[in-house]
A.B. asks: 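Take a look at the following structure, please.
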Amino acid sequence: MKRLVSMLMVVALLMCVFPVLGEPTNSNQLSDPRVRKALTYAIDMQAIIDGLMQGKATEAITMAPPGDWRADDLTAYEYDPDKAIALLQEANWDSNRVLDVVYYYGDQMTVDLLTAIQAYWEMVGVKMEMRKLEGDLASQLWVPPSDPLNGPSAVDWDLAYAAVAALSMGDYYDRYQGGYSSNSYNPQDDKLDALIAATNATADVDEQIKAYHDLERYENEIQVNIPLYHQPVFIVQSNRLDRGDAPYGNEQYIYNWDIVNWDIEPDANGKKVLLTNGGPMEFFETPFFNPGFLMSQKVLFDRLIIADENLTPKYPGLASEFSLSEDGLTFEFTLRDGIKWHDGDDITTDDVIGSIELATKAVTNPVLLTTFKAIEGYEDYASGAAESMSGITVDGNKVTIKFANINPNVLLTFTQFAPLPMKYFKDVDPLLLQQADYWQSPVGSGPFKVKEVKMGEYATFERFEDYYGGQAKIEEIRMYPSGESDANLAKNAAAGQVDYAYTKSVEDVIALEQMDHLKVTTVDVRYTRLFYVNKFPQK
Amino acid sequence: MLSYIIRRLLTMIPMLLVICFLIFVGMELMPTDPISYMVGPEQIANMTPEKLEEMREALGLNRPFIVRFFEWLGGIARGDFGYSLTNGQPIKDIIAAKLPATIELSLYALLISTVFGVFLGILSAVKRGSTTDSALTVLGMVGISIPEFFFGLVMILVFAINLKWLPIGGRTLPEYTSYWQQFRHVIMPATILGISMTAGVMRYSRSSMLDALNRDFLKTARAKGLPKWRIYILHGFRVALTPVVVLIGFRLPTLVGGSVVVEQIFQWPGIGDAFVTAVRGNNYPLVMMIALLTVTMMLAASLIVDVLTALIDPRVRLE
């Protein structure tokens with residue numbers, strides 16, 4: 001009897017902590033998983049992909065794209081309007097409610113896609129209106145409520161059409177935690193939080209994969225948000241360019257693309273010049289926030305470790321040796337002897353450590369920042385109580401970094417993190433790092449160095465003669481200015497001004513594929529478009 | 001005339017202040033945000049509210065709008081044009097780098113539109129009612145009606161992509177050693193910009209010339225048996241020139257601000273392109289400086305046109 005009572009108490013406690021699946025958790029009907037599933041069932045995403053995107057995307061059933069990191073027993077909520085109607089009826093959906101759907105992209109594809117979804121939802125009796133957000137996006141999209149469990153919502157939208165370009169799997173899911181700084185949509189869910197915590201509790205890759213599979217199953221079961229499609233990256237190269245055996249990977253980040261061994265047909269002057277985009281418009285972008293969005297960030301800066309095309313840390317870079325302890329709490333690396341910055345000065349351990357410290361105070365990619373914040377002594381350093389992080393020690397060229405807690409992305413971080421020559425940042429406010437003069441003509445450590453910059457017109461790069469990986473076969477790289485999204489790509493490619501570039505624009509790819517002198521390679525990456533569903537009670 | 005010029009220069013100061021204030025208010029009302037522009041919409045979700053707030057504070061965006069306006073104004077009065085919010089570079093350096101490109105483009109466009117516009121306008125007036133006049137009228141309407149971006153894209157398709165005669169865009173390339181190599185880059189954008197203005201100048205010149213041709217002194221010249229070219233060029237054109245000079249004078253400053261579309265299509269690194277980028281990012285110190293420059297040029301052009309009109313036409317007196 002005593003045992004039965006205690007079992008009943010546990011069940012009662014669990015019911016309090018974990019709301020029964022399939023029921024709303026608060027007054028907002030969107031907190032009901034049945035409604036979110038109905039909204040998913042109502043969209044024929046494959047038809048949209050085939051029609052609007054000419055098949056150049058993959059339907060998403062969870063945030064994680066297909067591959068080892070995605071569980072293979074997930075439910076695909078395939079188009080089924082009857083099921084959607086039944087679920088909405090079961091959930092007593094208020095047919096007078098008009099969903100407020102917001103977006104921030106300025107392209108026609110977004111409007112077409114949302115218009116199609118509007119029509120699909122209309123067919124099952126769900127009304128929606130869409131509006132484009134302008135201005136301060138963070139304050140309109142990502143303000144968490146003061147009470148992360150009960151709300152009310154601090155934002156005024158129902159669904160937000162957005163994307164996640166994930167460097168690590170944690171980029172997809174950490175933001176779902178209750179009380180997370182940008183979580184404006186998910187009320188605290190202890191089970192979800194526990195599953196996310198499990199993914200971050202180990203440095204062992206196999207265990208991480210297992211933890212993510214568990215997390216995805218729960219995500220899929222309650223349909224936390226509405227994943228729509230995975231967008232690949234399209235790599236464009238001209239028939240002048242020979243990438244040799246270099247693999248094709250996620251061009252948005254840094255991997256072993258081996259540009260030193262790329263070769264290109266000489267131009268009319270007999271010079272091997274690679275033409276590309278990603279040149280600076282107003283400044284060279286720091287590699288701290290977006291490590292490799294732009295070509296300049298890739299060729300100017302080297303990293304301590306080199307990842308393979310799947311972004312798995314594998315090869316030595318600026319570090320000749322590296323290791324991570326079994327418990328994941330100690331990372332050691334040895335800086336190569338005799339490596340130099342483009343100005344001829346030695347690259348030192350002080351530069352590497354100073355760059356880590358600078359990154360903790362600057363605008364830095366969250367994967368990198370989370371790793372650095374886990375270093376022993378970070379709190380004291382950040383508060384000003386200590387001049388450096390006690391967890392970092394140096395012995396000659398060997399650097400040891402001890403972590404206060406496990407971070408699953410230590411090695412990944414050092415495949416993307418670019419040390420900078422610290423002598424140029426002595427009087428720079430870390431928060432205004434991007435505004436430093438250095439970014440008008442940076443001195444880096446990569447296989448190419450800046451030769452000439454006409455800001456907003458072109459930038460040229462020449463081979464770095466002291467590069468530890470040998471001299472590149474290509475003599476010069478010429479970049480015309482563009483951001484990550486290059487409006488002039490198709491036009492310039494048609495005129496023969498592009499030997500290499502990458503894009504995620506379907507419209508561009510359709511045009512580029514028709515050009516005989518170009519080859520387009522499709523690479524699946526961690527890039528997912530979705531609807532964030534605001535499940536908090538409305539204001 | 002000198003006192004008139006000084007008086008006009010003095011009246012420009014309050015006008016500039018009011019216009020600058022209105023532009024500053026407009027910037028404040030615009031739904032754009034420098035931080036969202038710099039960080040990017042997808043990445044901004046990864047930043048903590050505290051970090052965003054620290055960045056706003058560091059960039060001085062949290063201070064009241066009126067304080068920022070008077071700080072900017074004070075800087076201008078001291079000759080300090082400020083710094084770009086996005087790249088931290090002195091605005092005087094940005095303008096010094098961008099303005100020559102726009103002036104180069106504008107001057108060529110002005111030259112094209114003036115030469116063709118005046119010539120075709122006079123031809124149209126002289127051949128009034130003929131097939132030539134009708135054809136030029138239709139061409140003028142076409143020139144005004146077709147948008148610059150369409151003309152631009154057609155020219156790129158024909159001359160840069162298919163025929164490969166001209167470069168697709170940009171202003172220069174690293175290997176160029178002389179201006180004439182660079183000149184190929186300005187041909188298409190200047191032609192597009194020039195064509196869009198030629199029609200206006202042509203119609204204006206035609207009306208002005210027709211008006212002049214109906215004057216009594218020209219009838220007298222004809223009666224005296226003077227050669228036609230002499231009547232048209234030396235007597236008629238000189239009189240017709242005054243309103244045309246006014247039009248052309250006012251075109252130059254509008255070209256500086258009005259070449260935005262052409263600069264974007266042809267990747268021309270001018271002030272128009274910089275202006276659009278700055279407006280998108282609410283980079284108000286740069287927007288204000290470019291706006292101030294354009295307004296000053298407009299007011300200066302107005303003064304110069306008045307002075308020129310007085311010099312060309314003895315009937316005009318400046319008081």
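Please read all numbers here as calculations on a predicted model, not as lab measurements. Sequence lines set the chain letters: A, B, ... in the order given, protein chains first and strands last, and positions in each chain run from 1.
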A.B. asks: Considering only heavy atoms and a distance below 4.5 Å, find which of A/Gly456, A/Pro481, A/Pro366 pairs most often with chain B.
C.D. replies: A/Pro366
A.B. asks: Can you tell which of A/Val363, A/Asp174, A/Asn183, A/Asn269 has the highest number of heavy-atom pairs within less than 4.5 Å of chain B?
C.D. replies: A/Val363
A.B. asks: What are the two closest heavy atoms between B/Leu52 and A/Ala138, and how far apart are they?
C.D. replies: CD1-CB, 3.4 Å
A.B. asks: Using a 4.5 Å cut-off on heavy atoms from C-beta on, say whether the side chain of B/Ile168 contacts that of A/Asn492.
C.D. replies: yes
A.B. asks: Non-hydrogen atoms of chain B under 4.5 Å away: do they reach the side chain of A/Leu141, the backbone, both or neither?
C.D. replies: neither
A.B. asks: Any heavy-atom pair between the side chains of A/Gln435 and B/Leu59 that's under 4.5 Å?
C.D. replies: yes
A.B. asks: Among residues at least two apart in sequence or on other chains, which ones pass salt bridge (Lys or Arg N to Asp or Glu O under 4.0 Å) with B/Asp273?
C.D. replies: none
A.B. asks: Between B/Met55, B/Glu54, B/Gln89, which shows the greatest number of heavy-atom pairs under 4.5 Å with chain A?
C.D. replies: B/Gln89
A.B. asks: Would you say B/Lys51's side chain and A/Ala362's backbone share a donor-acceptor pair under 3.5 angstrom?
C.D. replies: yes
A.B. asks: Taking every heavy-atom pair that is under 4.5 Å apart, which of A/Gln434, A/Glu285, A/Gln440 has the most such pairs with chain B?
C.D. replies: A/Gln440
A.B. asks: If you tally heavy-atom pairs under 4.5 Å against chain B, which of A/Thr364, A/Asn290, A/Thr460 wins?
C.D. replies: A/Asn290
A.B. asks: Side chain, backbone, both or neither: which part of B/Arg56 has an atom under 4.5 Å from a heavy atom of chain A?
C.D. replies: side chain
A.B. asks: Checking side-chain contact (heavy atoms from CB on, under 4.5 Å) between B/Pro269 and each of A/Lys454, A/Glu457, A/Met455, A/Met281, which is the one that passes?
C.D. replies: A/Glu457
A.B. asks: Please classify the contact of A/Lys361 with chain B as side chain, backbone, both or neither, using a heavy-atom distance under 4.5 Å.
C.D. replies: backbone
A.B. asks: Only counting residues at least two apart or in another chain, list the ones meeting ring pair (Phe, Tyr, Trp, His ring centres under 6.0 Å) with A/Tyr172.
C.D. replies: none
A.B. asks: Would you mind checking which part of B/Ile156 comes under 4.5 Å of any heavy atom in chain A, side chain (CB onward), backbone (N, CA, C, O), both or neither?
C.D. replies: side chain
A.B. asks: Heavy atoms only, distances under 4.5 angstrom: which of A/Asn365, A/Asp429, A/Leu431 has the most pairs with chain B? Name it, please.
C.D. replies: A/Leu431
A.B. asks: Does anything in residues 172-189 of chain B get under 4.5 Å of chain A by heavy atoms, and if so which residues?
C.D. replies: B/Thr172, B/Leu173, B/Pro174, B/Glu175
A.B. asks: With salt bridge (Lys or Arg N to Asp or Glu O under 4.0 Å) as the rule and sequence neighbours excluded, what pairs involving residues 85-113 of chain B come up?
C.D. replies: B/Glu104-B/Arg171
A.B. asks: Quick check on B/Tyr83: does its OH atom have over 12 non-hydrogen neighbours (other residues, nucleotides or ligands) under 6.0 Å away?
C.D. replies: no
A.B. asks: Which residue out of A/Glu452, A/Lys271, A/Gln497, A/Lys491 racks up the most heavy-atom pairs below 4.5 Å with chain B?
C.D. replies: A/Lys491
